[in-house]
Amino acid sequence: MISNGSVTLVVSYVNIVFPIAVFLSAQTMVGHMTDRFVSVAEPIIGEEERENINRVLDSGRFLQGPLVEEFEKKWADYVGTKHAIAVSNGTTAIQLSLNALGLEPGDEVIVPSLTFGSTATAVVHQACVPVFADIDREIYTLDHTDLERCLSDRTEAILPVHLYGHPAEMDKIRSFADEHDLAIVEDAAQAHGASYKGDPVGSIGDVGCFSFYATKNITTGEGGIVTTDDDDIAESIRLLRSHGMANRDEHVSLGYNYRMSELNGAIGSPQVDRLPDFNRRRTEITERLFAELDDLDWIRPATVRDYVDHAYFWAPFELDTTAIGMSGKEVWKKLKEQGVETRHRYVDPLYKQPVFTEHRGFNSDFPWSANEHTHDYGNLSLPNVEAVAGKTIGLPNHPGLDDEEVDYVIETVRGFDS
Ligand SMILES: *Cc1c(COP(=O)(O)O)cnc(C)c1O
């Protein structure tokens with residue numbers, strides 16, 4: 001599955017030594033009886049990454065330099081955009097995108113209700129107000145039929161998330177955005193390599209945002225990147241990520257230090273080369289899990305629309321909690337005790353988080369105070385997200401797993417002992 005010999009070595013090290021170490025510590029701590037532990041995510045780092053890191057250490061040049069630039073070029077090529085601008089993480093990628101698009105305090109951004117919190121806190125970081133849309137009942141991404149309800153005279157952008165690696169319905173979102181003159185920022189932090197009707201995610205909206213956090217499809221340790229075809233947006237993000245400095249002596253805008261360090265770029269560049277192999281293996285494992293667990297009455301493999309390439313950040317299953325007689329959290333916990341680590345998110349719709357319900361902004365109710373509408377999130381109850389939240393489970397499907405480990409996952413889930 002992975003052609004490079006050095007990677008295979010690392011993979012087997014990770015698979016053999018790491019689970020044993022975890023098992024030993026689990027034994028000591030809880031005294032549990034499983035002899036296996038299959039983890040849900042593991043970074044795979046090979047010889048090229050190590051050599052690159054050593055080059056940086058030897059050169060003493062840690063600040064954003066040639067390896068970050070190489071990483072940016074490769075990522076722009078991979079996604080098919082004119083520009084890719086590396087930043088410190090996926091959250092700052094979103095914040096700077098909204099900033100570069102010209103959003104002002106109190107402007108509204110429509111976000112889906114089922115996603116990682118920082119999709120929406122990044123909106124608040126840009127002093128804007130998140131407006132929560134329901135999700136598609138089948139693919140869990142932003143429900144385009146709910147956009148009309150979310151629209152106001154302050155709406156400036158839509159922020160669809162390609163959740164678990166499945167692209168959002170971009171055609172529908174694009175036509176709504178065009179009709180109402182809204183920008184689209186894609187949150188592709190879970191969808192490296194996914195595509196929608198042949199177009200790579202990150203190249204469809206005005207701007208695309210990726211994260212390279214340790215558990216994502218590929219990693220730089222911590223890191224993010226913005227993709228765009230727009231020269232002005234790209235220029236503005238380059239300024240904003242580095243103190244708004246046009247040169248050594250001049251601060252021309254309210255910038256930040258959101259640069260990517262050369263050490264992170266050193267890891268990222270070879271990771272881009274590995275991504276197609278990683279995603280092939282993720283797909284192979286996920287399709288096998290879907291096929292072999294499909295007949296169980298308590299789990300339902302997530303829908304995959306036939307015009308997308310799924311990045312399978314997750315192998316997502318929806319639980320029938322009535323059929324199994326347990327909550328999502330209980331299933332997650334029991335599977336872990338039996339040696340299968342799973343993902344179990346997101347437990348609540350995002351509009352229930354205190355940061356939003358209590359309008360906890362900049363130690364005040366800003367940016368909500370900069371907007372004339374109520375935004376009483378506590379009153380929201382959106383049917384699809386309420387039906388799904390807390391009921392999704394992601395089984396291990398990362399490319400470091402061998403077939404025997406996948407067998408173990410299947411056996412454990414099939415023989416699930418409630
Ligand atoms: C991981 C993630 C982010 C944030 O990326 P970081 O690099 O952790 O800041 C944003 N949105 C989604 C959907 C994510 O999964």
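Each ligand, and each atom within it, is numbered from 1 in the order the structure gives. Note that this is a predicted model, so its numbers are computed, not measured. Note that these values count all heavy atoms, side chains included, but never hydrogens, waters or copies made by symmetry.
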Is any side-chain heavy atom of Leu293 closer than 4.5 Å to one of Pro301? no
Tell me which one of Glu222, Lys216, Arg345 gets a heavy atom nearest to atom 2 (C) of ligand 1. Lys216
Under 4.0 Å from any heavy atom of Thr119, which atoms of ligand 1 are there? 11 (N), 13 (C)
Tyr164 ring center within less than 6.0 Å of His166 ring center: no
Sub-4.5 Å side-chain heavy-atom contact between Asp206 and Ile184: yes
Considering both backbone and side-chain atoms of Tyr346, is one of its nitrogen or oxygen atoms within less than 3.5 Å of a nitrogen or oxygen in ligand 1? no
Using a 4.0 Å heavy-atom cut-off, which part of Thr115 comes near ligand 1: side chain, backbone, both, or neither? side chain
Contact check: Ala189 vs ligand 1, nitrogen or oxygen atoms, below 3.5 angstrom: no
Tell me the contacting part of Asp187 for ligand 1: side chain, backbone, both, or neither, using a 4.0 Å heavy-atom threshold, strictly below. side chain
Closest to atom 10 (C) of ligand 1 among protein heavy atoms sits Ser118 OG, 3.4 Å
Looking only at heavy atoms of Gly224, does any of them come nearer than 4.0 Å to an atom of ligand 1? no
Tell me whether the guanidinium CZ or amine NZ of Arg282 lies under 6.0 angstrom from the six-membered ring centre of Tyr312 and within 45° of its axis. no
Rounded to the nearest 0.5 Å, what separation is found between the CG atom of Asp181 and the CD atom of Glu156? 8.0 Å
Any donor-acceptor pair under 3.5 Å linking the side chain of Thr115 with the backbone of Pro112? no
Show which atoms of ligand 1 fall inside a sub-4.0 Å distance from at least one heavy-atom site of Asn89. 7 (O), 9 (O)
Taking the six-membered ring for Trp, are Phe212 and Trp75 closer than 6.0 Å centroid to centroid? yes
Would you mind listing which atoms of ligand 1 come within a distance below 4.0 Å of any non-hydrogen atom of Gly90? 5 (O), 6 (P), 7 (O), 9 (O)
Between His359 and Trp368 (judged by ring centroids, cut-off 6.0 Å), do the two rings come close enough to count as a pair? yes
So which heavy atom in the protein is nearest atom 8 (O) of ligand 1, and how far is it from that ligand atom? Ser211 OG, 4.0 Å
Checking the N or O distance criterion of under 3.5 Å, is ligand 1 in contact with Thr91? yes
Do Leu101 and Val207 have side chains that get closer than 4.5 Å, going by heavy atoms? yes
Val161 heavy atoms within 4.0 Å reach ligand 1 at atoms 13 (C)
